[in-house]
Amino acid sequence: MSAVYITNVTVLDNPASFLTPFQFEISYECVTPLEDDLEWKLIYVGSAEDETYDQLLESVLVGPVNVGNYRFVLQADPPDPSKIRDEDIIGVTILLLTCSYMGQEFVRVGYYVNNDYEDDQLREEPPQKVLIDRIQRNILADKPRVTKFPINFHPENTENGEQILPKDAAEAVYPLEDDIQASPNHISEEESQEQAHPVDTSAHEEVIPVQLASPIMEQHSNDDNML
């Protein structure tokens with residue numbers, strides 16, 4: 001059972017220009033007291049083929065966390081375009097919002113991001129050199145992919161601090177709705193059956209395809225360090 005559940009994420013100032021800072025209003029609930037901080041990260045996927053182009057835009061610590069509901073705004077600078085190949089700036093990519101506890105990532109929210117010129121003529125006849133200041137960024141906020149990882153929130157209560165998880169513990173992917181907590185405890189049995197389709201419990205992973213298929217999302221979904 002998780003100790004922290006994301007209840008809502010609102011993408012602010014969207015769509016916006018490529019160079020506009022990111023802003024996410026994050027709401028979450030803590031159901032058991034935590035002694036350590038939660039670490040929230042925002043990662044921009046710079047290339048579908050090479051993870052070395054990924055950029056950590058922000059990392060913040062929040063805590064200690066007591067039982068209750070919380071809300072805060074995470075702001076991050078835009079990615080550095082000089083660290084992205086020109087051919088990867090225009091088009092669809094991924095933005096990852098993650099949360100970890102004591103170095104253990106337990107939830108990841110992935111968003112598709114579409115970068116394109118706002119001007120019709122530039123879209124039809126793109127210049128050889130990318131014009132960063134003319135690019136509009138659109139985060140597909142209504143299509144998030146939420147992945148949950150089982151972790152040990154209280155290693156001090158286990159022998160030698162070792163993590164003990166059920167044999168059938170699995171990574172799971174859930175849709176995140178504005179009025180539904182992204183947690184098995186807040187999803188009806190019927191919805192849970194529709195949303196969760198285990199493919200390989202020995203690998204501790206459940207994958208549920210999202211409605212917007214993308215080679216970028218599919219490639220990163222196979223990497224535990226990404227989506």
Side-chain angles (χ1 to χ4, degrees), residues 6 8-28 37-62 70-100 105 107-147 176 178 182 210-221 223 225-227:
I6 295 179
N8 189 44
V9 178
T10 301
V11 181
L12 306 177
D13 197 12
N14 182 62
S17 68
F18 185 89
L19 298 176
T20 300
F22 291 97
Q23 292 190 85
F24 289 83
E25 184 181 79
I26 303 169
S27 300
Y28 64 95
D37 295 340
L38 296 174
E39 182 178 19
W40 297 86
K41 294 181 181 180
L42 191 63
I43 302 168
Y44 185 88
V45 176
S47 171
E49 294 82 22
D50 192 344
E51 293 179 14
T52 62
Y53 289 97
D54 293 354
Q55 296 186 40
L56 176 61
L57 304 181
E58 186 58 273
S59 175
V60 297
L61 296 175
V62 179
Y70 298 84
R71 181 173 62 185
F72 72 101
V73 175
L74 175 64
Q75 181 168 319
D77 290 334
D80 184 349
S82 68
K83 297 180 180 179
I84 306 174
R85 295 178 299 190
D86 286 350
E87 61 267 28
D88 291 325
I89 293 179
I90 301 293
V92 178
T93 186
I94 293 170
L95 193 65
L96 300 173
L97 173 66
T98 73
C99 191
S100 303
E105 181 183 341
V107 66
R108 176 184 304 174
V109 184
Y111 292 94
Y112 291 106
V113 181
N114 184 45
N115 298 314
D116 207 348
Y117 289 111
E118 190 172 6
D119 184 84
D120 292 338
Q121 185 174 352
L122 289 176
R123 283 200 299 267
E124 295 174 2
E125 300 178 3
Q128 290 186 344
K129 184 177 180 180
V130 178
L131 303 177
I132 292 293
D133 59 342
R134 304 294 297 277
I135 296 177
Q136 183 184 66
R137 177 188 73 213
N138 185 17
I139 302 172
L140 305 186
D142 60 336
K143 303 292 182 182
R145 174 184 173 125
V146 180
T147 308
L176 179 64
D178 287 346
V210 294
Q211 294 181 356
L212 295 180
S214 164
I216 300 176
M217 187 73 83
E218 291 299 323
Q219 181 161 354
H220 284 83
S221 67
D223 186 345
N225 295 322
M226 292 307 301
L227 214 167

Can you name the closest pair of heavy atoms from P78 and T20 and give their distance? CB-O, 3.8 Å
Quick one: CD1 on I84 to CZ on F18, what's the gap to the nearest 0.5 Å? 4.0 Å
Atom pair OH/CD1 of Y117 and I135 - distance to nearest 0.5 Å: 5.0 Å
For E118, is the CD atom crowded, meaning more than 12 foreign heavy atoms sit under 6.0 Å from it? no
Counting C-beta onward and ignoring hydrogens, is there a side-chain heavy-atom pair between E58 and Q75 closer than 4.5 Å? no
Measure the CD1-CG distance between I43 and D54 for me, rounded to the nearest 0.5 Å. 7.0 Å
According to side chain to side chain donor-acceptor pair (under 3.5 Å), who are the partners of R134, at least two apart in sequence or on a separate chain? none
Show the nearest heavy-atom pair for residues P21 and R137, with the distance to one decimal. O-NH2, 3.6 Å
Determine, step by step, whether V146 and I6 satisfy the side-chain contact (heavy atoms from CB on, under 4.5 Å) criterion, reporting the C-alpha distance in whole Å, the side-chain angles of both residues, the deciding distance to 0.1 Å, and the verdict. CA-CA 10 Å; V146 180; I6 295 179; 5.9 Å; no
D13 and A16 have their tightest heavy-atom pair at O-CB, 3.3 Å
CZ/R71: more than 12 non-hydrogen atoms of other groups inside 6.0 Å: no
Do Q55 side-chain atoms and D80 backbone N/O form a donor-acceptor pair below 3.5 Å? yes
With rounding to the nearest 0.5 angstrom, report the CD to CG distance, Q23 to N14. 11.0 Å
Can you see which heavy atom on P144 is nearest to which on V109, and at what distance? CB-CG1, 3.9 Å
Give the minimum heavy-atom separation between P81 and I132, together with the two atoms involved. CB-CD1, 3.6 Å
Restricting to non-hydrogen atoms, name the atom on F22 and the atom on D77 that form the minimum distance, rounded to 0.1 Å. CD1-O, 3.9 Å
Taking CD in E87 as the centre, count heavy atoms belonging to other residues, nucleotides or ligands within less than 6.0 Å. Is the count above 12? yes
Where the side chain of T93 meets the backbone of V45, is there a donor-acceptor pair that is under 3.5 Å apart? yes
Would you confirm whether R85, through its side chain, and S47, through its main-chain N or O, come within 3.5 Å as a donor-acceptor pair? no
Do F24 and W40 make the cut of ring centroids closer than 6.0 angstrom? no
4.5 Å side-chain heavy-atom contact, L122 and P127: yes
V11 versus Y111: any side-chain heavy-atom pair under 4.5 Å? yes
Is D116 close to I90 at the side-chain level, that is, under 4.5 Å between some pair of heavy atoms? yes
Just verifying a value: how many Å separate L140 CG and R145 CZ, rounded to the nearest 0.5 Å? 14.5 Å
Could you state the interatomic distance from CD1 (I26) to CG (L97), rounded to the nearest 0.5 Å? 4.5 Å
Answer whether the closest heavy-atom distance between the side chains of Y70 and L38 falls below 4.5 Å. no
